[in-house]
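Every value quoted in this text rests on a predicted model; they were computed, and no experiment measured them. These numbers come from the heavy atoms of this one structure, side chains and all, not from hydrogens, waters or symmetry mates.
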Amino acid sequence: DIVRVAKRVCPGLKRNVHLMMTNPDLYIDAFAEAGAQTIQIHVEADCDIAAALKQIKSRGIETGLVLRPQTAPTAALPYLELCDEVLFMTVNPGYGGQKFMPEVLPHIQEFTQSIKSTRFENLTVMVDGGINAQTALNAAQAGANAFVAGSFLFKAEDMKRTIASLRHSLRERGICLHISGIKLPIERVLQRAGELPENGASAPDPLLHLYRTDAEALAAFQHPAMQR
C-alpha cells in the first residue's frame with residue numbers, strides 16, 4: 001500500500017523497495033504490481049537467492065542484493081550476473097538514526113577491488129546507514145558510488161542546501177556524488193496523499209521507509225490508508 005500511495009503521489013520519484021524480510025520471494029509479485037521499480041533482497045534471506053533475483057527480473061524490475069554489516073562481501077559474488085546494484089548496510093537493519101559502522105568500509109573496498117577491470121566494474125555499489133557528510137566521503141573513498149540517506153537529510157534545516165554542500169565537498173576530492181535514495185517516512189507519503197494532516201498525529205511507525213518496506217510490518221500497520 002505504501003508503494004501504491006508513493007506511485008500516485010510522487011510518480012517522478014524512483015520507487016526502490018528494500019525487502020528486509022526472511023522470505024522476500026513470497027512478496028516480489030505483490031510489490032511489483034504495486035509499482036516498485038527496483039526490488040532489493042538480502043543475500044542472507046531464507047530463500048533461493050538466484051531464483052528470487054530472476055523472479056524480480058522477469059517482472060521487468062531492477063534487482064538489488066543487500067549485505068548486512070557482518071556478511072562477507074564474497075557472499076554477493078555468485079549473484080552478480082543477476083544484480084543491478086549491491087547494497088552494503090552500514091548499520092544493523094531495523095531502525096533509523098543509527099551510527100555508521102566503519103568496520104564495513106573494508107568490505108566495500110574488498111568488493112569494489114574484486115570487480116575492478118571486470119564486466120561488473122560499473123555496478124552500482126550502494127551504502128545505507130548513518131550516512132552524513134563525513135561517512136559518505138569515507139564510503140566513497142572505499143569504492144561506493146551511491147548513497148541512501150535518511151536522518152541526516154530530514155533533520156537538516158535545508159535539505160536542498162545540505163545535499164548541495166555534500167556534493168561540493170565530494171567533488172573537491174574528485175568524487176561525483178549520486179544520491180540514490182532519500183528514505184521517506186510514512187507520514188510524508190500520507191500527508192502528500194491527503195491521508196494525514198500536515199500537523200496531525202504521527203503514523204504509528206515513523207521509521208518505516210520506502211527503502212525499508214517490510215511486508216510483515218505493513219501487516220501490523222493500522223493507519224486506515226493502509227487498509228485499502
Side-chain angles (χ1 to χ4, degrees), residues 1-8 10-94 104 107-108 110-129 143-148 178-181 183-184 208-219:
D1 289 337
I2 295 293
V3 178
R4 289 193 184 94
V5 171
K7 181 179 179 180
R8 174 165 59 88
C10 314
L13 295 181
K14 185 173 181 180
R15 295 172 296 280
N16 185 319
V17 178
H18 179 166
L19 294 180
M20 192 181 296
M21 56 181 68
T22 305
N23 298 106
D25 53 321
L26 302 180
Y27 301 95
I28 288 169
D29 289 339
F31 279 101
E33 291 166 9
Q37 294 166 302
T38 299
I39 294 180
Q40 301 173 338
I41 65 171
H42 276 255
V43 72
E44 307 90 355
D46 189 15
C47 68
D48 184 327
I49 301 301
L53 292 170
K54 290 176 183 177
Q55 183 182 352
I56 296 168
K57 281 194 170 292
S58 73
R59 301 299 302 256
I61 295 171
E62 293 183 352
T63 59
L65 193 62
V66 184
L67 285 77
R68 291 168 57 98
Q70 300 81 8
T71 300
T74 52
L77 298 181
Y79 307 106
L80 294 187
E81 291 277 3
L82 298 170
C83 292
D84 294 299
E85 59 193 35
V86 172
L87 169 64
F88 286 86
M89 295 294 298
T90 43
V91 297
N92 285 308
V104 182
H107 291 193
I108 300 170
E110 178 183 340
F111 177 78
T112 54
Q113 286 297 317
S114 71
I115 63 173
K116 192 174 182 179
S117 301
T118 73
R119 64 185 182 280
F120 304 117
E121 65 179 347
N122 294 320
L123 187 73
T124 297
V125 180
M126 192 179 298
V127 176
D128 180 3
N145 53 33
F147 307 87
V148 180
H178 169 52
I179 297 277
S180 175
K183 296 184 215 171
L184 188 57
L208 187 61
H209 305 282
L210 291 181
Y211 267 79
R212 242 350 116 72
T213 307
D214 185 325
E216 293 162 357
L218 285 177

Separation between CD (Glu33) and CZ (Arg4), nearest 0.5 Å, reads 7.5 Å
Requested in this report: Please determine, by modelled atom types, if Thr71 and Glu44 share a side-chain donor-acceptor pair under 3.5 angstrom.
Outcome: yes
Heavy-atom nearest pair, Ser117 first then Glu121, reads N-OE1, 3.0 Å
_Walk me through whether His18 and Met89 qualify under side-chain contact (heavy atoms from CB on, under 4.5 Å)._
CA-CA 11 Å; His18 179 166; Met89 295 294 298; 3.6 Å; yes
Check: Would you call Lys14 and Glu62 a salt bridge, taking side-chain N to carboxylate O under 4.0 Å as the test?
Finding: yes
Which of Val148, Val104, Thr90, Asn145 passes side-chain contact (heavy atoms from CB on, under 4.5 Å) with Val127? It is Thr90
In this structure, CZ of Phe88 is separated from CE of Met126 (nearest 0.5 Å) by 12.0 Å
Practice task
Would you please test Glu81 and Phe120 for side-chain contact (heavy atoms from CB on, under 4.5 Å) and show each step?
Solution key: CA-CA 8 Å; Glu81 291 277 3; Phe120 304 117; 3.9 Å; yes
message: Do Ile108 and Pro73 make a side-chain contact, defined as non-hydrogen atoms from C-beta onward lying under 4.5 Å apart?
response: no
Can you check whether Leu87's main-chain N or O pairs, donor with acceptor, with Asp128's side chain at less than 3.5 Å? no
One should read off an interatomic distance between Leu82 CG and Lys54 NZ, to the nearest 0.5 angstrom, of 6.0 Å
Shortest non-hydrogen pair, Met20 vs Pro93, comes out as SD-CB, 3.2 Å
Distance col, row Ile61:CD1 vs Gln40:CD, nearest 0.5 angstrom, shows 12.5 Å
- Message: With a 3.5 Å distance limit and no angle check, can you tell me whether Asn23 reaches the backbone of Leu26 through a side-chain donor-acceptor pair?
- Response: no
In short, Leu67 meets Ala76 closest at the heavy-atom pair CD1-CB, 4.0 Å
May I ask you to decide if Gln37's main-chain N or O and Arg15's side chain share a donor-acceptor pair within less than 3.5 Å? no
Taken to the nearest 0.5 Å, the spacing of Asp84 CG from Leu123 CG works out to 8.0 Å
Next on the checklist: Leu80 vs Val86, test: side-chain contact (heavy atoms from CB on, under 4.5 Å). Steps then yes/no.
Outcome noted: CA-CA 8 Å; Leu80 294 187; Val86 172; 4.0 Å; yes
Report yes if some heavy atom in the side chain of Asn16 is under 4.5 Å from a heavy atom in the side chain of Glu85; otherwise report no. yes
Distance col, row Cys47:SG vs Leu19:CG, nearest 0.5 angstrom, shows 10.0 Å
Task: Student check: side-chain heavy atoms of Pro69 and Val91 closer than 4.5 Å - done: no
Of all heavy-atom pairs linking Cys83 and Lys57, the shortest is N-CE, 4.5 Å
*Taking the side chain as C-beta and beyond, is there a heavy-atom pair between Thr63 and Ile39 under 4.5 Å?*
no
Of all heavy-atom pairs linking Gly143 and Thr112, the shortest is O-CG2, 3.5 Å
Query - Pair Asp25-Gln55, side-chain contact (heavy atoms from CB on, under 4.5 Å): steps then yes or no - result: CA-CA 8 Å; Asp25 53 321; Gln55 183 182 352; 4.1 Å; yes
Residues Ile28 and Ala52: closest non-hydrogen pair is CD1-O, 3.5 Å
